[in-house]
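Reading through the structure tokens given below for one structure.
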Amino acid sequence: MVKLSESPLPYEAKVYINNQVLIPAHIVKTLDLREVKRARVKLEYEGQEVVVEVKLLRTRHTDSRQFTIPKSARDKFGIAPGSVVRVKSIEPIQ
């Protein structure tokens with residue numbers, strides 16, 4: 001369990017051209033997300049809180065993960081490639 005003072009969250013990330021967001025390896029390790037396949041992610045974009053359930057995509061050679069922001073959330077909140085979002089929490093879904 002991660003203590004609140006040790007938490008690497010929140011962090012800011014740029015939305016890639018394919019509408020994906022990177023979760024850096026150090027955050028994956030700290031939050032013990034290496035084997036997690038699905039997660040509930042709380043984002044903040046332009047002062048609005050967005051909660052999405054996503055599939056965590058693996059990279060080949062590192063512990064980092066990526067997830068795609070669902071189209072419904074992108075359309076509703078106006079999130080576009082190049083936007084900067086603040087990732088506030090990542091919770092595994094069983």
Side-chain angles (χ1 to χ4, degrees):
M1 191 72 161
V2 177
K3 292 181 184 175
L4 210 48
S5 61
E6 296 174 4
S7 177
L9 299 176
Y11 74 96
E12 291 189 354
K14 195 173 207 175
V15 178
Y16 292 150
I17 193 77
N18 59 0
N19 298 303
Q20 292 184 347
V21 176
L22 178 73
I23 304 172
H26 77 278
I27 293 175
V28 172
K29 291 175 188 174
T30 302
L31 298 178
D32 196 25
L33 299 172
R34 286 186 192 106
E35 302 302 320
V36 174
K37 294 186 184 328
R38 297 193 56 77
R40 183 172 295 109
V41 180
K42 188 184 299 184
L43 306 169
E44 183 180 311
Y45 178 67
E46 294 185 347
Q48 302 173 85
E49 191 166 277
V50 182
V51 178
V52 293
E53 290 188 7
V54 297
K55 180 178 179 183
L56 298 182
L57 307 170
R58 299 181 76 131
T59 55
R60 189 171 285 176
H61 299 293
T62 69
D63 283 331
S64 65
R65 297 286 183 267
Q66 291 182 2
F67 64 89
T68 304
I69 300 174
K71 183 168 180 18
S72 58
R74 295 192 315 260
D75 290 346
K76 181 177 180 181
F77 295 98
I79 302 170
S83 300
V84 176
V85 295
R86 170 168 278 205
V87 179
K88 296 174 80 174
S89 70
I90 305 170
E91 301 171 7
I93 298 174
Q94 301 300 334

Heavy-atom pair of closest approach, residues Phe77 and Tyr45: O-CE2, 3.4 Å
Polar side-chain atom of Arg65 near backbone of Asp63 as donor-acceptor pair, under 3.5 Å: yes
Ser64 to Thr59 - nearest heavy-atom pair and separation: O-OG1, 3.3 Å
Distance-minimising heavy-atom pair for Val52 and Ala73: CG1-CB, 3.8 Å
Closest non-hydrogen atom pair, Arg34 against Arg58: O-NH1, 4.0 Å
Gap separating the NZ atom of Lys42 from the CD atom of Glu49, nearest 0.5 angstrom: 4.5 Å
Pro10 backbone acceptor or donor facing Arg86 side chain under 3.5 Å: no
Side-chain heavy atoms of Val50 within contact of Val85, under 4.5 Å: no
Interatomic distance, Asn19 atom CG to Gln66 atom CD [nearest 0.5 angstrom]: 11.5 Å
Interatomic distance, Leu57 atom CG to Gln20 atom CD [nearest 0.5 angstrom]: 5.5 Å
Hydrophobic cluster of Tyr16, others only, ordered by chain and residue number, side-chain cut-off 4.5 Å: Leu22
For Phe67 against Lys55, the heavy-atom pair lying closest together: CB-O, 3.7 Å
Any Ile69 side-chain heavy atom under 4.5 Å of Leu43 side chain: yes
Closest approach of Tyr11 to Ile27 (non-hydrogen atoms, all atoms of both residues): CD2-CD1, 3.4 Å
Stepwise side-chain contact (heavy atoms from CB on, under 4.5 Å) check, Arg74 with Thr68: CA-CA 10 Å; Arg74 295 192 315 260; Thr68 304; 4.2 Å; yes
Atom pair CD1/CD1 of Ile90 and Ile23 - distance to nearest 0.5 Å: 4.0 Å
